[in-house]
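Notes follow the structure.
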2 protein chains.
Amino acid sequence: MEDAVAEVLRQWQRVHPDLDTLPIAVIGRLTRCATLLQQAADAPLTREGLARPEFDLLGALQRVGRELTPTQLARETFSSGAAVTKRLRRLEERGLVERRADERDRRVAHLSLTEEGRRLIARLVPEQVGYEASLLSALGVDRQRDLADVLSELLVLLEGRLGGVPI
Amino acid sequence: MEDAVAEVLRQWQRVHPDLDTLPIAVIGRLTRCATLLQQAADAPLTREGLARPEFDLLGALQRVGRELTPTQLARETFSSGAAVTKRLRRLEERGLVERRADERDRRVAHLSLTEEGRRLIARLVPEQVGYEASLLSALGVDRQRDLADVLSELLVLLEGRLGGVPI
DNA sequence: AGGAAAATGTTTACGAGTGAAATACCTGTT
DNA sequence: AACAGGTATTTCACTCGTAAACATTTTCCT
């Protein structure tokens with residue numbers, strides 16, 4: 001069985017016979033897999049009325065286990081400050097996240113999960129990860145580990161090259 | 001050297017000691033790599049005032065080597081019909097793509113590259129692919145092939161499971 | 001102390017994608 | 001011929017992310 005990118009590679013090869021198509025094979029498949037996974041993997045979230053970026057934000061608060069400022073949340077979820085502001089508004093309105101003012105520096109806010117947010121995320125994370133595992137299961141655990149390892153290598157290189165995240 | 005996801009995995013492990021984090025290792029890294037690559041890899045395109053999805057559309061016309069209808073373009077670029085409509089409007093305004101009416105069925109349109117579009121894409125594709133190759137080069141060609149192979153396996157599985165594209 | 005510079009967070013204007021509805025057209029059946 | 005049903009494409013209303021501008025507050029330097 002052949003994937004959807006194989007035909008694309010053949011087409012490019014025919015039009016540009018001298019072109020090295022390896023980058024397309026890697027990047028094309030990477031972005032395609034990411035798109036499909038993001039669509040598919042969000043089913044448990046969507047049932048709870050959460051979008052993936054909102055889930056990521058809640059998850060960040062859960063996994064670091066302490067309050068975070070909006071800027072820290074932006075770093076932690078690899079997103080812009082403006083995006084975090086918008087997501088926080090929705091999550092605060094839903095009562096999943098609460099805000100505490102810093103008494104020393106009046107610019108900064110400290111965000112934490114409410115009791116309800118904690119309950120939701122504690123229930124949702126195992127469900128979500130389990131569902132993701134089932135999506136990947138056909139690949140076999142060893143093959144998944146191979147994939148995670150190569151991707152980790154690539155990630156180090158990309159983050160280094162593109163000006164990694166300074167602390 | 002460690003990638004940005006490794007710390008996230010440790011944090012989850014500490015909060016949910018019984019959680020199998022392999023799916024996060026795979027999917028988290030996959031989406032993070034895809035994001036970084038898409039930001040980084042678009043530099044040559046951006047210089048020409050093209051967005052990635054517009055480039056993909058032009059590329060599809062170039063590599064199949066014949067006219068395509070909007071619906072075929074949507075399939076070919078994995079996007080929705082509405083998105084194709086919007087992109088076509090911009091590309092037609094820029095004179096890179098032209099439209100021919102079907103004389104038999106007056107609903108359908110046939111899109112093709114203009115001479116200018118052909119010139120642009122013929123120049124841009126080798127430049128773009130070369131730039132992508134340089135982004136990946138630190139990984140080594142063999143490792144890139146490994147990656148492409150696992151991703152191809154995964155893609156087959158995902159496309160099969162998520163209701164692949166019937167002809 | 002005092003003002004420039006930097007940092008934090010929010011707001012704003014805008015562009016792009018989406019699903020659903022709308023539009024226009026074709027095809028087959030009666 | 002007429003109509004039901006299906007297809008191709010566009011439009012619409014909406015959501016979300018972004019970059020840039022903004023307001024506020026702190027820090028730094030002299």
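Letters go in sequence order (proteins before strands), and every chain restarts at 1.
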Look at all strands and tell whether B:Arg52 reaches a base, only sugar-phosphate, or nothing, counting heavy atoms closer than 4.0 Å. nothing
With a 4.5 Å limit on heavy-atom distance, are the side chains of A:Glu116 and A:Glu98 in contact? no
When the distance from CD of B:Glu93 to C1' of C:dG15 is rounded to whole Å, what number comes out? 14 Å
N/O contacts under 3.5 Å, protein versus nucleotides 16-19 of chain D?
{"residue": "D:dG17", "atom": "OP1", "partner": "A:Arg87", "partner atom": "NH1", "Å": "2.9"}
{"residue": "D:dG17", "atom": "N7", "partner": "A:Lys86", "partner atom": "NZ", "Å": "3.3"}
{"residue": "D:dG17", "atom": "O6", "partner": "A:Lys86", "partner atom": "NZ", "Å": "3.1"}
{"residue": "D:dT18", "atom": "OP2", "partner": "A:Ser80", "partner atom": "OG", "Å": "2.9"}
{"residue": "D:dT18", "atom": "O4", "partner": "A:Lys86", "partner atom": "NZ", "Å": "3.3"}

Nearest whole Å is fine: how far is C:dG9 P from A:Arg100 CZ? 12 Å
With heavy-atom distances below 4.5 Å as the criterion, would you say the side chains of B:Arg94 and B:Leu50 are in contact? yes
Using the rule side chain to side chain donor-acceptor pair (under 3.5 Å), only one of B:Arg87, B:Lys86, B:Arg90 pairs with B:Glu54; which is it? B:Arg90
Assigning hydrophobic clusters by single linkage (Ile, Leu, Val, Met, Phe, Trp, Tyr; side-chain heavy-atom cutoff under 4.5 Å), is A:Val15 placed with B:Leu111? no
Pick from B:Leu154, B:Leu151, B:Leu147, B:Asp149: which one makes a side chain to side chain contact (heavy atoms under 4.5 Å, CB included) with A:Arg29? B:Leu151
Please report, rounded to the nearest Å, how far the P atom of C:dA16 is from the CD atom of B:Gln38. 15 Å
Value in whole Å for how far the C1' atom of C:dA16 lies from CG of B:Leu88: 14 Å
Side-chain heavy atoms nearer than 4.5 Å, only ILVMFWY residues, links allowed to pass through others: does that put B:Leu19 and A:Leu135 together? yes
If the cut-off is 4.0 Å, is B:Thr71 near the phosphate of D:dT7, judged by side-chain N/O to OP1 or OP2? no
Side chains of B:Ser112 and B:Arg99 only: does a donor on one sit below 3.5 Å from an acceptor on the other? no
Rounded to the nearest angstrom, tell me the gap between atom CG in A:Asp102 and atom P in D:dT27. 10 Å
Walk me through whether A:Ile121 and A:Phe55 qualify under side-chain contact (heavy atoms from CB on, under 4.5 Å). CA-CA 8 Å; A:Ile121 205 71; A:Phe55 176 74; 3.7 Å; yes
Can you tabulate the close N/O pairs, meaning under 3.5 Å, that link protein atoms to atoms of nucleotides 23-26 of chain D?
{"residue": "D:dT25", "atom": "O2", "partner": "A:Arg107", "partner atom": "NH1", "Å": "3.2"}
{"residue": "D:dT26", "atom": "OP1", "partner": "A:Arg104", "partner atom": "O", "Å": "3.1"}
{"residue": "D:dT26", "atom": "OP1", "partner": "A:Arg106", "partner atom": "N", "Å": "3.0"}

Could you check how far CG of B:Leu50 sits from C1' of C:dG15, rounded to whole Å? 16 Å
Can you check the B:Leu57 CG to D:dT9 P distance for me, whole Å? 13 Å
Check whether any side-chain N or O of B:Arg89 sits under 4.0 Å from OP1 or OP2 of C:dA16, and answer yes or no. no
What is the distance from CD of A:Glu67 to C1' of C:dT8, rounded to the nearest Å? 16 Å
Quick one: are B:Glu2 and A:Val156 in side-chain contact, heavy atoms under 4.5 Å? no
